[in-house]
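The structure follows.
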Amino acid sequence: MSETPKPREGMPDPKLDEATFRERYLSAFVDPAFDPMRAELDRIAGIAFDAYDDGRKAPITRKAGPGYADPDYDLAVDWIKAKAAIDAAQAQHDARDGPLRYLLINASSRSEHTCPGEMSKSWRLTQLAREVIEASGTVEIEVLELNRLASEYGRDIHPCKACFSTAAPLCHWPCSCYPNYSLGQTHDWMNDIYPMWVRAHAVMIVTPVNWYATSSPFKLMMDRLVCADGGNPDPTLTHGKDAEKAKAEELKGWDYPRHLAGRTFAAVVHGDVEGAENVRRSLHDWLCFMKLIPAGAEAELDRYIGYWKPYATSHDELDADENIQEEVRNAARCLVRATQARRDGRLTDPSQDLETPRQK
């Protein structure tokens, strides 16, 4: 094997000076109600700058312990907790005597609890699907409301940093990029979302079209799920984020673990002018690449509600379009049938025993 290539460097340094850091940090406290605490806030800002300047990404760690390539490596306690949640979710997924578990995702960022002042059509369609699935037997349903990124305090999904593109083992499962306390990148929701995907036997996505693509909350989640497809479950292999070690590990031969393989899926994409077909196709391709199994042609929809009609009457258009409502119910019915067939061994992924070129 040739020598491990050195990581390429040379991009502009984003490091802030102390004055700029303090200005940004304290901008969260512009409310005059904080005025009596200015001296205390200034001291807190000083502590925060010290953590930033020192790069204390994960200030609380413990030894990895048995089962890891380097038991003496100091792992972030946050990551250890996230990994335990995923392991517990996998055990729930694998329990043959447990209920079938469904994850429904309302991908719209709109709700009446924030600036739009009105519920989303995606939420309504998700509820139609939920009713069908609930009536199918002994099931457990989790609904992921991505609109909470816009409407709930302390809900964030931070952007993917594209570690995978440096080398596959540098992308850890679950993601270890966050929380990053030195950069204030906390409240990351993904450590709660990963177990929801792992626990599920089936996933149904309902998304609007936003500028020829999925919603921005969904795209954030989608990018952060890269670690579920080929991600490294042992950060001690790469001593955290050591890019050169990760390159060396990949060049030894990476087995590209498919952490979400075998779950069934359905997808409903709705728009008002353009783009629904392309978004539906992109979701299908993405999920199939991760080795999830399509629930059938009727389980994947791209439709228009109120085509070129005023947005003000879009809910009325959905009320009137009983055909779309029934198509969403049928998508849920297909998902139920496919998921039950999967558990019974009657539905298999024909590519499950094939190796992709990247795995060789």
H172 versus T238, side-chain donor and acceptor atoms under 3.5 Å: yes
Contact check, side chains of V336 and Y102, non-hydrogen atoms, under 4.5 Å: yes
Parallel, tilted or perpendicular: ring planes of Y256 versus F289, cut at 30 and 60 degrees: perpendicular
Side-chain heavy-atom pair F218, S109 within 4.5 angstrom cut-off: no
Check: K247 and T166 side chains under 4.5 Å, non-hydrogen atoms: yes
H113 and R148: side chain donor to acceptor below 3.5 Å: no
Heavy-atom check, side chain of Y307 versus side chain of E317, under 4.5 Å: no
Pairing of D87 and K83 as salt bridge, 4.0 angstrom limit: yes
R130 (side chain) donor-acceptor with E142 (main chain) under 3.5 angstrom: no
Nearest-0.5 Å distance that lies between atom CD1 in I205 and atom CD1 in I105: 5.0 Å
Modelled atom types, side-chain donor and acceptor of Y52 and E18, under 3.5 Å: no
Donor on one side chain, acceptor on other, T313 and D316, under 3.5 Å: no
Pair T264, H201: side-chain N/O donor-acceptor within cut-off below 3.5 Å: no
Side chain to side chain donor-acceptor pair (under 3.5 Å) partners of residues 65-81, not counting sequence neighbours, each pair once: K63-D74, D70-H239, D78-Y181
Residue R337 excluded, over 12 heavy atoms near CZ under 6.0 Å: no
Side-chain H-bond candidate by donor/acceptor type, Q90 with D94, under 3.5 Å: yes
N106 and E145 side chains, donor-acceptor separation under 3.5 Å: yes
Side-chain donor-acceptor pair present, D272, Y311, cut-off under 3.5 Å: yes
Donor-acceptor contact present, side-chain W173 to main-chain D229, <3.5 Å: no
